[in-house]
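Report on the structure given below.
Chain letters run A, B, ... following the sequence lines, proteins first, then strands; residues in each count from 1. Quick caveat: nothing in here was measured; it's all calculated off a predicted structure.
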2 protein chains.
Amino acid sequence: MKRENTKQKLLDVAIDLFSKKGYDVVSVREITRHVGVKESALYNHFRNKADILDIIIDIFIDEVGKTSFPLDEIDEGLKQMDLSAYLQYQLLLFYKKMTPRMAKIWQIIYMEQFRNKKARDVVLNEIMGRPDKFYKKVFQVAFENDKLKTTQPETLAKMYQYTLLSLSWEQMLRHINGEDISNIIEKRYEIIRLICD
Amino acid sequence: MKRENTKQKLLDVAIDLFSKKGYDVVSVREITRHVGVKESALYNHFRNKADILDIIIDIFIDEVGKTSFPLDEIDEGLKQMDLSAYLQYQLLLFYKKMTPRMAKIWQIIYMEQFRNKKARDVVLNEIMGRPDKFYKKVFQVAFENDKLKTTQPETLAKMYQYTLLSLSWEQMLRHINGEDISNIIEKRYEIIRLICD
DNA sequence: GTCTATACGAGGATAGAC
DNA sequence: GTCTATCCTCGTATAGAC
């Protein structure tokens, strides 16, 4: 129990520090100092520094993979709502799942995606790929139900999802800069309005 | 002249190594070893390691700021071409300016944007902001000339440019992974086709 | 099983000799 | 301008105390 306690503390401190300063800048000594143990004690719980980041990314995969973008609920959802309401509903679901801890991990993954292969694959698969598939099906179903007028529902879906992606990117940069980001959230609804015309 | 020679060599090696491995991982000793001087010699040309990155980012600002996205050429361009041709033409201009050296610097800026304030501001201003303004005017002018049918040319412009942004992001990640990226280039033309319908 | 103490090589950076 | 010598911090491994 002492073991699990220390390990959990180390992980929490690491998530906090990594998200604030970046993985490379944070030292093992800094993490253990915050917990109150010597740096050598960390190696009883983690293989090395990289292992900590690895476990943090696994937490993200677990949370996102379990709960987000279920393909089999689309048909039913679009029976009850029109496309505009359904897209807004999906945005709300997304915000709801974004706990402070998950927001930190999200930031860590964005920060490390260019240097860490696992973080990069999470971005490609979980953040780009799976939502892409999800919204392609959403737009396809809406198209078949005459709820969307376009010649290319798949390309429109990609545009929608990739615009959201860039907005989340911009939001993260402005968040780090300490700028106001409430207007970026508003922009997402603007885009839904444009698409559903 | 010996000074300028060494400084230029150090800068070139730094650009190459930073783009391949990332700023933090590359050591001052590694850079100077490639040039053939001692690590302390580097401090005659640069204040510190961060100063090198700073200068590299300045090179990017200089190149992009001088040549890209001139607002005053839009009216004339759209007189000679329809919107579809003009967007394709702008893409080609962009590819043409992307020399191997600039591609490396581009990658460095993407890698460091979450940790380095100056890189972050370059992304926000030069990569997101200025193209955004440019395409907003393009779509506005096309709208006024009846070359574009929509109720919200500004939002559509943002969607177009932000979709390109995410594509460049995805392209960089797949490039680092050593994956094939030719189909991403094709996707840009698909999106132009969708918008111009 | 978990901790502290300690040591090693490598990192960024500086001072002073040539 | 470039060198050698030096300093402190880093990630990590090991030995031994409880």
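With hydrogens and angles ignored, a donor-acceptor pair under 3.5 angstrom links the side chain of B:Ser40 to the base of D:dT4.
Using a 4.0 Å heavy-atom distance criterion, B:Val25 is classed as making no nucleic acid contact.
Distances were taken from every side-chain heavy atom of A:Val37 (C-beta onward) to each of C:dT6, C:dC3, D:dG11; the shortest belongs to C:dC3. When each of C:dA13, C:dT4, D:dG11 is scored by its nearest atom to the side-chain atoms of A:Ser27, the top-ranked nucleotide is D:dG11. Side-chain proximity of B:Ala41 to the nucleotides D:dC3, D:dT12, C:dA13 is greatest for D:dC3. Relative to the side chain of B:Asn44, the nucleotides C:dA13, C:dC3, D:dT2 differ in distance, and D:dT2 lies closest.
When the nearest nucleotides of DNA chain D are assigned to A:Arg47 and A:Glu30 by heavy-atom distance, the more 5′-ward of the two goes with A:Glu30. Residues A:Lys38 and A:Arg29 both approach DNA chain C. Their nearest nucleotides, taken by heavy-atom distance, put A:Lys38 toward the 5′ side.
A salt bridge does not link B:Asp75 with B:Lys79: none of the charged nitrogens is closer than 4.0 Å to a carboxylate oxygen.
For the ring pair (Phe, Tyr, Trp, His ring centres under 6.0 Å) with A:Phe94, the lone residue among A:Tyr89, A:Phe69, A:Trp106 that qualifies is A:Trp106. When each of B:Phe114, B:Tyr162, B:Tyr110 is tested with A:Trp169 by the rule ring pair (Phe, Tyr, Trp, His ring centres under 6.0 Å), just one qualifies, namely B:Tyr110.
The side chain of B:Lys49 contributes an N or O atom lying less than 4.0 Å from OP1 or OP2 of C:dG12. Note on A:His45: every side-chain N or O is 4.0 Å or more away from OP1 and OP2 of C:dG1.
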- request: Please test A:Glu186 against A:Arg193 for salt bridge (Lys or Arg N to Asp or Glu O under 4.0 Å), starting from the C-alpha separation and ending with a verdict.
  value: CA-CA 11 Å; A:Glu186 178 52 35; A:Arg193 254 175 268 135; 3.3 Å; yes
